[in-house]
> 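This is the structure, below, for whatever I ask next.
Values in this document were obtained by computation on a predicted structure and should not be read as measured data. Per chain, numbering begins at 1; letters A, B, ... match sequence-line order.
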Protein chains: 2
Amino acid sequence: MFNSKVMMTNLRERRRLRTTDTIHCTAIDLIYKYGLDDVTTEMISKNAGISPRTFFNYFPYKEAALLPPESELSLEAVEKFVNGTAPLLDDLVDLIIPFAEPYGKDPIMLRKLFEISETHPKLLALKVNAFHDFDKKLAMILALRTKDSEQRSDMMAALISTAMRVAMARWVEGDSGRISEYILQSFQELRTAFND
Amino acid sequence: MFNSKVMMTNLRERRRLRTTDTIHCTAIDLIYKYGLDDVTTEMISKNAGISPRTFFNYFPYKEAALLPPESELSLEAVEKFVNGTAPLLDDLVDLIIPFAEPYGKDPIMLRKLFEISETHPKLLALKVNAFHDFDKKLAMILALRTKDSEQRSDMMAALISTAMRVAMARWVEGDSGRISEYILQSFQELRTAFND
DNA sequence: TGCAAACTTTGCAGTATGTGCAATGTTTAA
DNA sequence: TTAAACATTGCACATACTGCAAAGTTTGCA
């Protein structure tokens, strides 16, 4: 019921979240302005009001500070999807839209991030990695629902995740609309892509 | 007619290729044995018989030495594909199989590489990046052939490249067969994936 | 409230990656 | 044979990142 990441009573965790967010935003801003190579961890730390050593208590490497906080698939949504009976892609939409919406909440930050990652392979890689993790989860969930072979689930998951990636890229490039519309559109294309 | 990477008359280039390959193989072997973090560029250099400084003349960063040399789409094949009239996926097979075959030539090396990259996110990212470059080229080529919108070409290219990635992953995991069979199989699945 | 255990921040010293430059050596093409 | 082009190397330097131990905070419990 309660999102554990928001409802935090204790000071320690609230502080930790706040610091994480401060570093994250500081990093994005600086790197957007000056480029990845001209921004040092020292600079980020100074601007975020922490020591350089502390930076690495929060993020394992410089680039990690750029990634948006991960969104999670909710357990209920997963369960509903696994037992769903509507056409696969329809049920999938219900699973994935709520997952994707949080990324749409801070479009400015996300656009900056996408723009930065176009110019820097290391960052592009991170973005892609995030989708890869999603892939694996999705493959598991698909396997639960469809009882297909592992091979087939892997392929479907990879394709779906690709469609999402494309949808987000389009959403970031375009300058209007909700992220969910783009995902719907992508899934539609997925359905008809290779029916020639 | 001649593959410019193989038919090299001059000493300079032959040496360069040989050194590149030596470093590449040395790096894979060492890292496969000891893990990415316990192998330094100094170690690789010493084993490859070059100075540490020279290592960075050949590869911009340590991990780059692990990637297999890039295969290129041949110009003729591209042209043939763009003007092709068979169903898209059939023509595509002819374009892509020759591109993929070189990777299949050194399966041991490639398997090591995949294995290493499973355990190490940085490397996984590099692998994925390689596919991303391929994506972009493919999208261009598709656009030339189909006269579809840029959007649609991007999506198709992303999906096709995903299918290839899955095919290669399967090929590496399995222990028999030619890489091209796996690609054919993947494309088949692509055709029927979302026809429910 | 007060105190011990748990956790956080920081400084410091150290290792590794990666770059620019200039000296020295090798290959090329004429 | 020679001058221009290119390759290798050593050295000095900046930055990324880690382990450790000292000092400061927060917590839960008596």
> Using only side-chain N and O atoms of B/Y58, determine if any of them is under 4.0 Å from OP1 or OP2 of D/dT8.
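The answer is yes; a side-chain N or O of B/Y58 sits under 4.0 Å from OP1 or OP2.
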> Is A/R178 paired with A/E101 through a side-chain N to carboxylate O contact shorter than 4.0 Å?
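A/R178 and A/E101: salt-bridged.
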> What's the CG-C1' distance between B/L11 and D/dT8, to the nearest Å?
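It is 14 Å, rounded to the nearest whole Å.
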> For A/I183 and A/A100, work out which heavy atoms get closest and say how close.
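Scanning both residues, the minimum pair turns out to be CD1-CB, 3.5 Å.
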> Which nucleotide in the list D/dT18, C/dG18, D/dT8 gets nearest to the side chain of B/N57?
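Closest of the options to the side chain of B/N57: D/dT8.
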> Just checking, A/R111 and A/Y32: is the charged tip under 6.0 Å from the six-membered ring centre and within 45° of the axis?
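No, A/R111 does not sit over the ring of A/Y32.
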> Using whole Å, what does the distance between atom C1' of nucleotide C/dT26 and atom CZ of B/R18 come to?
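From B/R18 CZ to C/dT26 C1': 14 Å.
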> Given C/dC12, D/dA7, D/dC17, identify the nucleotide with an atom nearest to the side chain of A/R53.
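The nucleotide sitting nearest to the side chain is C/dC12.
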> Would a line drawn from the ring center of B/F56 to the ring center of B/Y61 be shorter than 6.0 Å?
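B/F56 vs B/Y61: aromatic centres not under 6.0 Å.
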> Which one, D/dT15, D/dT9, D/dA5, comes nearest to the side chain of A/T40?
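When the side chain of A/T40 is considered, D/dT15 is the closest of D/dT15, D/dT9, D/dA5.
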> Quick one: on DNA chain C, does A/P52 or B/E63 contact a more 5' nucleotide (nearest heavy atom)?
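On the 5' side of the pair lies A/P52.
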> Are the aromatic rings of B/F134 and B/F99 close, with centres under 6.0 Å apart?
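They qualify: ring centres under 6.0 Å apart.
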> Round to a whole Å and report the spacing from CE of B/M43 to P of C/dA16.
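Whole-Å distance recorded here is 8 Å.
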> Can you see if the side chain of B/S51 gets near the phosphate of D/dT8 - specifically, an N or O under 4.0 Å from OP1 or OP2?
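The answer is no; no side-chain N or O of B/S51 sits under 4.0 Å from OP1 or OP2.
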> CG of B/D38 versus C1' of C/dT15: gap in Å, rounded?
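Taking CG of B/D38 and C1' of C/dT15, I get 13 Å after rounding.
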> CZ of B/R14 versus C1' of C/dT28: gap in Å, rounded?
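The answer, rounded to whole Å, is 13 Å.
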> Considering just the side-chain nitrogens and oxygens of A/T54, establish if one lies under 4.0 Å of OP1 or OP2 belonging to C/dT10.
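True: A/T54 side-chain N/O within range (under 4.0 Å) of C/dT10 OP1/OP2.
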> How many Å lie between CD on B/E42 and P on D/dT9, as a whole number?
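About 14 Å, once rounded to whole Å.
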> Provide, to the nearest angstrom, the distance between the CG atom belonging to B/N10 and the P atom belonging to C/dT26.
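For the pair B/N10 CG and C/dT26 P, the rounded distance is 17 Å.
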> Whole-Å distance between C/dT19 P and A/D37 CG?
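One finds 9 Å between P of C/dT19 and CG of A/D37, rounded.
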> Taking the side chain of A/R12 as its heavy atoms from C-beta onward, which of C/dA6, D/dA7, D/dC17 lies nearest to it?
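For the A/R12 side chain, the nearest candidate turns out to be C/dA6.
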> Does B/F56 or A/R16 map to a spot on DNA chain C nearer the 5' end, using the closest nucleotide for each?
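On the 5' side of the pair lies A/R16.
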